[in-house]
Amino acid sequence: MNFDTRLIPYGRESVRDAAELLEHGELVAIPTETVYGLAADALNENAVKKIFLAKGRPQDNPLIVHISSMKMLSPLVREIPDTAKVLAERFWGGPLTMIFPKSDKIPSVTSGGLDTVAVRMPASEAAREIIRKCGFPLAAPSANLSGKPSPTTARHVFEDMNGRIPLIIDGGECAVGVESTVICFKGDKIHILRPGGITAEMLSQFCEVEVDKAVTAQPEKDERVLSPGMKYKHYSPKADVYVVNAHGKAFEEYCTKRSRYENKLIALGAGVSEHGVFLDYGSTPEIQAQRLFALLRRVDDLGAKTVLVEMPEQSGMGLAVYNRLLRAAGFKIIKMGDSK
Ligand code: AMP
Ligand code: MG
């Protein structure tokens, strides 16, 4: 792992370079509509092992396999539930990951030792073109160092992966900004393991939806969770993050009071006008999703020690924002009336 990392814009030549490296079992960071992905040939065990090394990712945390057409799905899985066909028709390409029983083609490192595999077809034209050019599916977790906020620009990827991978394809800012929704099937119902760009409300138009309790609750130590990624601290800046259960004026007053006796404090308000310690993280859940990870990196650049974040909405895209914030905060929520 000692590369002279190239960062080049998405285009015909960079797609060709990316495909060539991926065919040779190397890693390439690629843009998608959710966050940047660190891609490898999903069917090549040695290539996939490099992802875990480059990210410092725990080996039991399985990867999402990205495809560019429905034709690519059947060889990877043993069964495709009818509900999955309906959801694929409606939401692929897009930020929806579905979990299937895996076929023998998927190496065990890719699935984190599980007998299931997570598959998604991205909407991003850049991602799909690279997959098409390769002709094989790509395993691609977020292209950040494990534990850090996911990258939503090529520059973020460079900060984390410089020297660790040969190539980063710059496709501009990610449109969604948080990772895909991850679901599994339980009979006719689906179970949301991780909320994302395709919301529970959108899915419930097609089938019965349950939200896993790990989405908003901290798993007990050693508790077996359905989605291994949910048990790790995640998305964290160096600063200590707190979600503050207050809105508008009450939030602003609380943060202003604390900023009088604490320096290096930054407050992220939902639609606040930026002044003093306040930064705006967006007035709608969609904007918040787009901005969140970049802001979590920015607070570190600004040298923050404490970051107070206004409680987001918990429906629609808000649930994905809340889920990421809870993990960034290590589940620390300040209720009004608490001194800390
Ligand atoms: P990332 O690729 O970093 O966005 O994370 C992928 C997420 O999908 C993690 O939370 C994983 O735990 C989850 N995931 C991937 N494969 C499976 C699977 N086979 N079963 C359950 N969860 C999975
Ligand atoms: Mg990740």
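These figures come from a predicted structure and were not determined experimentally. Just follow the structure's listing: the first ligand is 1, and inside any ligand the first atom is 1.
A salt bridge between Lys55 and Asp160 is absent, with no side-chain N of the basic residue lying under 4.0 Å from a carboxylate O of the acidic one.
Residues Glu179 and Ser150 bring a donor and an acceptor atom of their side chains to less than 3.5 Å of each other. Between Tyr281 and Glu310, the side chains place no donor N or O within less than 3.5 Å of an acceptor N or O (distance only, hydrogens not considered). Judged by distance alone, the side chains of Ser180 and Arg194 do bring a donor and an acceptor atom under 3.5 Å apart.
By the 6.0 Å contact criterion, CZ on Arg155 is open, its count of non-hydrogen atoms from other residues, nucleotides or ligands being 12 or less. Within a 6.0 Å sphere centred on CD of Glu173, heavy atoms belonging to other residues, nucleotides or ligands number 12 at most. Open room surrounds CD on Glu13; 12 or fewer heavy atoms of other groups in view lie less than 6.0 Å from it.
Atoms of ligand 1 lying under 4.0 Å from at least one heavy atom of Thr116, given by number and element, are 18 (C), 19 (N), 20 (N). Interface atoms of ligand 1 facing Pro141, defined by a heavy-atom separation under 4.0 Å, are 2 (O), 3 (O). Heavy-atom contacts of Ile64 reach the following atoms of ligand 1: 6 (C) (cutoff under 4.0 Å). Numbered from 1 in the order shown, with element, the atoms of ligand 1 that lie under 4.0 Å from a heavy atom of Ala118 read 15 (C), 16 (N), 17 (C).
Of the N or O atoms in Arg194, one or more lie within a sub-3.5 Å distance of an N or O in ligand 1. For a threshold of 3.5 Å applied to N or O pairs, the pair formed by Lys55 and ligand 1 contains no separation below that value. At under 3.5 Å, a nitrogen or oxygen of Arg57, whether backbone or side chain, sits near a nitrogen or oxygen of ligand 1.
When distances to the Mg ion (ligand 2) are checked against a cut-off of 2.8 Å, Ser142 contributes an N, O or S atom below that limit.
When the heavy-atom distances from atom 23 (C) of ligand 1 to Pro62, Ser111, Pro58 are ranked, the shortest goes to Pro62. The residue among Leu114, Ile99, Val119 with a heavy atom at the shortest distance from atom 22 (N) of ligand 1 is Ile99.
Ring pair Phe185/Phe100 is tilted by interplanar angle, where 30° to 60° counts as tilted.
Under 4.0 Å from ligand 1, the heavy atoms of Asn61 that appear belong solely to its side chain.
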